Participant: 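First, the structure itself, so that you have it in front of you.
No experiment lies behind these values; they were computed from the predicted model shown. This chain uses plain numbering: 1 for the first residue, then up along the sequence. We count ligands from 1, going down the list as the structure has it; atoms in each ligand are counted the same way.
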Amino acid sequence: MQVLVLNSGSSSIKYRLFDDHANGLLLRARGLVERIGESTGRAEQVVVAQDGTTSKEADDAPITDHAAGFRWIVSRLESAGLADDLGAIGHRVVHGGSEFTAPTVIDEAVIARIEAQVPLAPLHNPANLTGIEVARQLRPDLTNVAVFDTAFHATLPPAAYRYAVPERLLTEQGVRRYGFHGTSHAYVARRATAALGRSEEECKLVTLHLGNGASAAAVDGGRSVETSMGLSPLEGLVMGTRSGDLDPAVIFHLIREAGMSPEEVERVLNRESGLLGLCGDNDLRTIEDRAAEGDETAQLALDVYVHRIRKYLGAYAAVLGRLDAVVFTAGVGENSDTLRAAICADLDVLGIRVAAERNDGQRAAKAPDGVVAIHAEDSEVAVLVVATDEEREIAEQTLLAIRT
Ligand code: ADP
């Protein structure tokens, strides 16, 4: 059977197709439909042959809506002979609230429950729902499964998920910490545990998902016990364009003193802050190049970014009570040796020691199993770089949901 994984955004659909083989999921195609609803659209697909060789095809033409995007995807998969045995679609859904703690087969009632979470995730869930509705309309023969970014963090204990606010805000408004990037944290935690040759129960890890969005999680015995994102993906680490943690009084100040509307403040904190706000760029490669050339603003942005992560690392070591491994993943975590070195510098206090010769130039994607150890021989804590694969995890969770 084949499983299609869809990640539907407001103007794009990213997808991957996996073959469910006896020896695991095989990636057969990946693609992207973007600029949906704009005057110029683009769609591309990369087909992965059995021997691992790839071939790419692309279309530059307007894509009127998500339904047109979905039709493009299915027709391209069909013409590549890859959709003969399509059985299920796994949809990434950002916010499951307290409602969804596991991958869920989608029916009308589930759609209504996902819609009920929209007030918690107005920037994400509506697009995810559009993808689900289009897939159900155009391919009613397939089983659709929702896989939630929040689900892995459903195990957070109350001490970690409660904000210190009146209980009615929790019961009436759902105000609590949920956590995101759960699919990635779950996947890399499992890979790291396997690479260490340990059982899940005995492992205490901090996983650092550092991409455009960024979050940290403390994972104890395979369960998330603390994470840096909260009610929304805005809390926590410094990100590409999101501020991460700040004093909530900043928001009242901007509304009262600068006359900004709540929507403007929301936009500034989500889209104009983080690395972009600090130095005018949000692509870490560009910022690192600027800093290397002596640009002080770019260096400051990196310093704030690294400082925040180190603070969380120390806090999560205390939450866990012992640390077995730190795991770096996503675009920055997997690729930037300088950032990994800066984050782990002088952390003897936590038993963390990175070996420069193992870290320098290291890219997780280049390792055969996607896992690289970069800690020194005498480091008490393992430091691993693990290539994340959220789509593969969604495909696995989708199969799990339809088989249980
Ligand atoms: P998303 O959250 O959009 O999935 P990614 O996980 O792809 O993001 O991460 C994107 C970030 O990773 C960007 O800031 C990019 O600059 C950074 N990145 C990618 N490759 C490298 C690299 N070789 N060195 C440093 N940063 C990199």
Side-chain angles (χ1 to χ4, degrees), residues 5-16 30-34 46 92 94 121 123-124 127-128 147 149 179-188 191 207-217 227-229 232-244 270-293 295 298-299 301-306 308-309 327-344 359-367 370 372 374 385-394:
V5 174
L6 291 187
N7 183 353
S8 308
S10 55
S11 65
S12 70
I13 309 174
K14 291 186 195 136
Y15 68 97
R16 294 210 179 175
R30 60 173 184 269
L32 167 68
V33 180
E34 58 186 341
V46 175
R92 175 181 182 224
V94 170
L123 306 180
H124 298 98
N128 303 155
V147 180
D149 266 22
F180 298 86
H181 287 146
T183 312
S184 178
H185 287 292
Y187 179 81
V188 298
R191 296 300 303 269
T207 48
L208 297 170
H209 177 107
L210 309 176
N212 231 329
S215 66
T227 193
S228 58
M229 286 175 165
S232 83
L234 185 55
E235 189 181 347
L237 304 180
V238 176
M239 310 182 210
T241 64
R242 294 190 199 119
S243 62
N270 275 291
R271 302 199 190 282
E272 297 171 16
S273 296
L275 293 167
L276 181 69
L278 283 163
C279 75
D281 271 308
N282 65 323
D283 189 308
L284 201 99
R285 279 164 294 199
T286 315
I287 302 171
E288 286 189 326
D289 290 347
R290 281 174 53 189
E293 286 160 13
D295 181 328
Q299 187 56 54
L302 294 178
D303 292 347
V304 176
Y305 184 89
V306 167
R308 183 83 52 88
I309 295 170
V327 181
F328 284 96
T329 194
V332 176
E334 290 171 35
N335 296 302
S336 176
D337 50 6
T338 48
L339 260 247
R340 291 193 302 254
I343 290 162
C344 295
N359 180 43
D360 292 355
Q362 198 58 258
R363 301 253 169 99
K366 284 197 200 147
V372 184
I374 58 166
V385 184
V386 180
T388 195
D389 195 340
E390 289 166 279
E391 292 82 4
R392 179 175 295 274
E393 180 72 10
I394 291 173

Participant: Looking only at protein heavy atoms, which one is nearest to atom 16 (O) of ligand 1, and what is the separation?
Facilitator: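 Result: Asp283 OD1, 2.5 Å.
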Participant: Given Ala330, Gly213, Gly331, identify the one with the heavy atom nearest to atom 7 (O) of ligand 1.
Facilitator: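 Closest candidate by heavy-atom distance is Gly331.
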Participant: Tell me which one of Asn212, Ile287, Asn7 gets a heavy atom nearest to atom 1 (P) of ligand 1.
Facilitator: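 Heavy atom nearest to atom 1 (P) of ligand 1 belongs to Asn212.
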Participant: Using 0.5 Å steps for rounding, measure from the CZ atom of Phe328 to the SG atom of Cys344.
Facilitator: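 So the CZ of Phe328 and the SG of Cys344 are separated by 4.0 Å.
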Participant: Which residue and non-hydrogen atom of the protein lie closest to atom 11 (C) of ligand 1, and at what distance in Å?
Facilitator: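 Looking only at protein heavy atoms, the one closest to atom 11 (C) of ligand 1 is Val332 CG2, 3.9 Å.
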Participant: How many angstroms lie between CG in Asp295 and CD in Glu288, if you round to the nearest 0.5 Å?
Facilitator: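 So the CG of Asp295 and the CD of Glu288 are separated by 13.0 Å.
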Participant: Apply the test side-chain hydrogen bond (donor to acceptor under 3.5 Å, both in side chains) to residues Ser215 and His185: give CA-CA distance (whole Å), side-chain angles for both, the deciding distance (0.1 Å), then the verdict.
Facilitator: CA-CA 9 Å; Ser215 66; His185 287 292; 2.8 Å; yes
Participant: Can you tell which of Asn282, Leu234, Leu275 makes a side-chain contact (heavy atoms from CB on, under 4.5 Å) with Arg242?
Facilitator: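 Only one option passes, and that is Leu234.
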Participant: Looking only at protein heavy atoms, which one is nearest to atom 13 (C) of ligand 1, and how far off is it?
Facilitator: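 The protein heavy atom lying closest is Leu284 N, 4.1 Å.
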Participant: Please report whether atom 3 (O) of ligand 1 has a protein non-hydrogen atom at a separation of less than 4.0 Å.
Facilitator: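 So atom 3 (O) of ligand 1 has protein heavy-atom neighbours under 4.0 Å.
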Participant: Could you pull out, from His181, Glu390, Lys14, Arg285, the option with a heavy atom nearest to atom 19 (C) of ligand 1?
Facilitator: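 Comparing heavy atoms across His181, Glu390, Lys14, Arg285, the nearest one to atom 19 (C) of ligand 1 lies in Arg285.
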Participant: Hey, is Gly240 one of the residues with a heavy atom under 4.0 angstrom from ligand 1?
Facilitator: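 For ligand 1, residue contact (heavy atoms, under 4.0 Å) with Gly240 is absent.
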Participant: Find all atoms of ligand 1 within a distance of less than 4.0 Å from any non-hydrogen atom belonging to Ser336, and give their numbers and elements.
Facilitator: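 Counting atoms of ligand 1 from 1, those under 4.0 Å from Ser336 are 25 (C).
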Participant: Measure the CG-OG distance between Leu278 and Ser273 for me, rounded to the nearest 0.5 Å.
Facilitator: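 Those atoms lie 8.5 Å apart.
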Participant: Using 0.5 Å steps for rounding, measure from the CD atom of Glu391 to the OG atom of Ser184.
Facilitator: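 Here the interatomic distance stands at 10.0 Å.
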Participant: To the nearest 0.5 Å, tell me how far Arg271 CZ sits from Leu276 CG.
Facilitator: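 Reported to 0.5 Å precision, the distance equals 11.5 Å.
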Participant: What atoms of ligand 1 come within less than 4.0 Å of a heavy atom belonging to Asn282?
Facilitator: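 Taking each heavy atom of Asn282 in turn, ligand 1 has 14 (O) under 4.0 Å.
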Participant: Nearest 0.5 Å, what's the NE2-CZ distance between His124 and Arg92?
Facilitator: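 Here the interatomic distance stands at 7.0 Å.
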Participant: Provide, to 0.1 Å, the distance between atom 22 (C) of ligand 1 and the closest protein heavy atom, together with that atom's residue and name.
Facilitator: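 For atom 22 (C) of ligand 1, the nearest protein heavy atom is Asn335 CB, 3.3 Å.
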Participant: Under 4.0 Å from ligand 1, counting heavy atoms only, is it the side chain of Thr286, its backbone, both or neither?
Facilitator: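 It is neither part, as no heavy atom is under 4.0 Å.
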